Amino acid sequence: MSRHMWSSILVIVLSCGFMVPAHAEDMLGFFAGKWTGSGFVRQQQFGVQQKIKCKINGKLRQSGSAIFAGRCATAGKAGAFSFEVIRGEGEDQYQAVASYSGVGQPIGYKGVELTEDTAQSAPTDSPVTRNLIFTINRPYLRDGRKIHSLIAISFRDQNHMEIREMVTDLYTNEISDALTLQFARP
Amino acid sequence: MIEHTTVLYQQLARRPVLCVGMLMIVVLMCVPGIMNLGFDDGLRSVFKSKQENFIRFDHHTGEFSQTENDVIILVSSKSEFTSGQLGSIREMVLDAHLLDKVEAVFSIFSLQKINQQSGNIEPLFPQEFDVGTKISGLLKDARNMNFAGISLLSSQNDKTVLVVTLDTNASNLSIASPVLRDLKVLAQDLSALADLEVELTGMLPIRNHIINGLKRDQALINVIGAILGFFASLIIFRSVIIAVLNGIAPVFALYLALSVFGYTGINIDVVTNALPVLLLVLASSDCTHITYEIRRRSGAGEPIHSAILASMRDMTAPCILTSLTTILAFSSLYFSQSPIIKGLAIAGSLGVFIALLTILFVHPLVFVLASRVPAFARLISDPAKPLMARVSTGGLFRAVIRRKRLVTVAGLALAISAFTQLFPIQTQYRFYENIDLDQPIMETLRGVEKIAGPLSAIEIPLYFKDASEVFSDQMLADIKNIHELFEAGETGGTVVSLHTIIRFLNSQNRNVSKKTISDAMDLLPEQYRYRMISRDGAAILLSIMVADDHSAAVRSKVRKIQSVLDKLSLKTLEPGKPTGFLEMASGSSHYMIGQLTISFFIAALACSFLIGVWYRKVSYGLAAVLPNVLPIACVGAVLTMIGADIQFSSALALTIAFGIAVDDTVHVFNRLSLEQKNTLQLSASNQIIAAMSHISPALLTTTAILTGGMIATGFSAMPMIRYFGLLCAITFVLALLCDLVLLPAILALSGRFSKG
């Protein structure tokens with residue numbers, strides 16, 4: 001095979017890569033690997049903010065899910081948690097199960113991928129932020145509150161991720177930014 | 001058997017190159033064993049037994065979590081902490097939380113306050129330490145907030161204590177070591193970043209420190225032991241070459257023994273640490289007897305090969321017997337219930353056996369090979385007498401034998417009076433006896449105790465009589481009563497219990513109820529919660545914090561606590577017996593040191609029996625008792641008189657030293673037997689004098705080597721090993737004196753028996 005032919009194949013392959021829409025990539029693949037993060041968490045979700053640091057490891061499972069498990073700590077306490085993301089029925093649909101050490105039953109979420117429209121009009125070298133928005137399947141009771149939770153996971157690129165959790169006390173309609181965490185690859 | 005060994009030595013003399021080839025193969029095969037040699041402090045398993053204190057403690061550790069996996073960090077500033085420094089310390093706490101195997105970190109940042117307006121529980125310290133933050137006020141609040149019963153801040157607000165608790169698997173040091181390394185890195189980073197002094201201490205770092213000491217000791221003590229042995233040989237034989245030749249087999253024996261330990265999984269721990277150097281000097285001692293005999297014979301004109309064969313023929317039997325008596329002494333330790341003392345029994349017996357094989361095979365081979373070099377051959381058959389051979393001892397033995405009754409009776413009276421002083425055995429044990437108190441890690445521990453109070457505790461489980469009484473008003477009244485009773489009692493010190501939490505709630509103006517107590521307990525990390533309430537919720541714990549003291553003092557405190565408990569009548573709680581590591585160690589150590597005393601008597605009886613059977617003379621067996629028991633009794637009595645009492649190290653040293661001290665007696669019997677065969681015309685007394693005159697230079701020489709070798713333990717990082725070495729050395733010298741003075745008197749007195 002001539003050198004020109006090799007060059008042509010290379011150009012075609014590279015071009016195809018550029019033509020693939022971002023949302024068609026496997027979103028679960030973003031979770032894989034080690035992450036370290038820091039941010040703020042509210043004590044008992046509605047209390048004062050405290051610094052938090054986390055160290056987590058993401059793994060892809062053969063069943064087509066991604067498990068995201070690790071350990072987070074405030075200055076006073078630390079605990080393990082896991083967050084398993086499972087592909088849903090629709091193209092952009094997901095489900096998730098969150099478990100926290102020392103906190104009762106695992107909590108189920110359903111989610112959807114939302115890719116920022118603004119990315120289309122952004123300069124070509126600007127990364128496209130990809131978001132996974134999860135809402136809780138069934139509100140739960142804690143400390144006399146009925147909690148509804150919404151978790152947003154955003155990937156600015158393969159190496160940066162942000163997790164935010166907003167909770168609402170359905171009894172009082174009080175809303176709280178319970179958790180904000182910025183992650184990067186170590 | 002001796003005839004078979006003669007054939008072996010003839011083969012060895014004929015085919016030395018083949019033998020060297022075989023040795024080289026063995027050397028290569030030993031390398032993986034040496035690489036596999038493991039180190040373990042053994043402190044966790046030392047008391048494992050069926051003894052009551054241990055069983056109670058074992059059950060207790062299942063109910064309540066223990067402090068053995070705590071790493072304590074002392075952070076010190078030159079003056080009161082600044083907001084920047086506090087921010088940096090908090091970052092370190094966060095990072096420490098995220099290390100693998102770290103279960104919880106308890107620090108001033110764990111402290112919570114109750115917001116009087118909202119009623120919410122909040123961290124005491126703000127999220128950010130801004131310039132305007134009133135640090136002094138916050139630190140004062142933190143100091144006064146005695147939430148979990150221990151203070152975390154110094155009165156000058158310039159020192160703080162962080163408690164990092166590792167998970168239960170981390171009690172295995174191979175798992176904990178990487179975490180300790182990471183914590184040290186965090187400590188160094190904090191120190192560099194915030195101009196703070198950051199030091200680690202606590203049970204795990206101390207155990208890690210001991211392991212590092214063990215590794216250092218193995219490299220250092222054995223080299224120093226070998227060098228001291230070489231110099232002792234050099235002085236005695238007055239030849240560098242002979243001293244080197246004399247040292248080859250012992251070094252090889254040590255190498256082989258360590259390799260076998262590596263292969264068989266025998267670890268070097270706090271009790272087996274001194275074993276390698278002991279094997280080295282034991283092998284050196286036997287080699288010296290053989291070298292001495294070879295040189296004596298070749299110096300008298302016998303051809304070297306013939307001198308080697310004849311020496312080995314004469315010395316094989318005593319070498320085997322001396323090894324057997326030492327093996328018996330080590331084996332007697334197997335009577336102990338302690339796994340690490342059983343381990344020493346196995347390692348010691350195996351090591352001595354390996355050393356024996358090495359001496360009988362390698363030492364003659366060394367001389368056979370050396371004799372092929374003319375210059376060396378000349379040195380071996382050098383007519384110059386060894387140094388000790390110039391010492392004339394005949395007069396001493398004649399004088400002793402003339403006063404044989406007086407000497408024997410005096411020896412017996414001394415032994416009886418020493419035993420009277422020694423019994424009943426007073427034992428002593430301290431957990432930190434394996435580390436020097438002036439080590440930085442111990443100074444840090446004392447610094448921590450100045451802030452947080454004593455870290456050791458005598459623990460009393462209080463079982464709920466009725467599950468419905470958990471946190472009931474009556475139960476709270478009961479725990480208050482017992483808490484305050486011990487706080488005010490003569491056992492003194494800080495008391496930590498559920499009542500500590502209740503006091504905290506009262507200080508925060510919170511009403512004390514089942515819910516508020518549960519909420520407050522939830523604030524504690526799980527491991528700390530289970531230090532107050534049992535895992536199954538069936539009991540609560542009352543801890544009387546006491547300084548790490550001698551076992552006798554702890555036992556006395558426990559007795560006082562028990563007498564208070566006996567008089568106590570609580571409606572909702574049933575007190576269990578006092579326990580905890582301190583109580584268990586003080587009780588078990590007393591029991592186990594007592595067991596070692598029994599081991600000693602087993603060794604004494606078994607060695608005497610073996611000697612009697614070996615020589616087929618009851619008189620030899622009986623004669624061996626007093627000269628070897630007397631030094632042990634004297635050392636034990638002096639230790640009791642000066643208040644040092646009998647510790648693990650002393651009990652082990654006296655038992656093992658007995659087994660080694662008997663070796664000299666065996667060499668005397670061996671020489672006497674040879675004299676009895678060769679000088680039938682002499683009277684029994686003259687035969688004893690001839691035998692003693694012949695053997696005493698060798699006894700002086702081997703005692704010098706043994707004592708010199710044990711002096712090498714003076715370079716150990718561990719005080720108990722140094723103590724062990726010192727006691728062994730003193731016992732060897734006393735045993736030599738007894739062999740030179742008491743033994744000939746006893747032999748002369750029992751002359752008519754020995755003829756039979």
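Here the structure is a predicted model, which means the values were calculated and not measured. Reminder, nothing fancy here: chain letters follow the sequence lines and each chain counts from 1.
If you check the side chains of B/E197 and B/S191, you find no donor sitting under 3.5 Å from an acceptor. Between the side chains of B/E80 and B/S136, at least one donor N or O lies within less than 3.5 Å of an accepting N or O. Between the side chains of A/Q50 and B/Q127, not a single donor N or O lies within less than 3.5 Å of an accepting N or O. In summary, the side chains of B/T165 and B/Y528 do present a donor paired with an acceptor at a separation below 3.5 Å, with no hydrogens or angles considered. Side-chain polar atoms of B/T67 and B/D70 form no donor-acceptor pair below 3.5 angstrom.
Residues A/F155 and A/F30 bring their aromatic ring centres within 6.0 Å.
For the pair B/P123/A/V48, a side-chain contact is recorded, criterion being any heavy-atom separation below 4.5 Å from C-beta on. Contact check for B/I108 versus B/L86: side-chain heavy atoms found under the 4.5 Å cut-off. B/V105 places none of its side-chain heavy atoms less than 4.5 Å from the side chain of B/V163.
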> For A/R42 and A/D177, what are the C-alpha separation, side-chain angles and deciding distance, and is it a salt bridge (charged side-chain N to carboxylate O under 4.0 Å, His left out)?
Replying inline: CA-CA 8 Å; A/R42 285 194 186 276; A/D177 52 340; 2.9 Å; yes

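Of the listed residues (A/K55, A/Q44, A/K51, A/Q49), the greatest number of heavy-atom pairs within a distance under 4.5 Å of chain B belongs to A/Q49.
In this structure, chain B has no heavy atom under 4.5 Å from any part of A/F46.
Taking 4.5 Å as the heavy-atom cut-off, the residues of residues 89-100 of chain B that approach chain A are B/R90, B/E91, B/V93, B/L94, B/D95, B/H97, B/L98, B/L99, ordered by number. Residues of residues 62-88 of chain A that come closer than 4.5 Å to chain B, counting heavy atoms only, are A/R71, A/C72, A/A73, A/T74, A/A75, A/G76, A/K77, A/A78, ordered by residue number.
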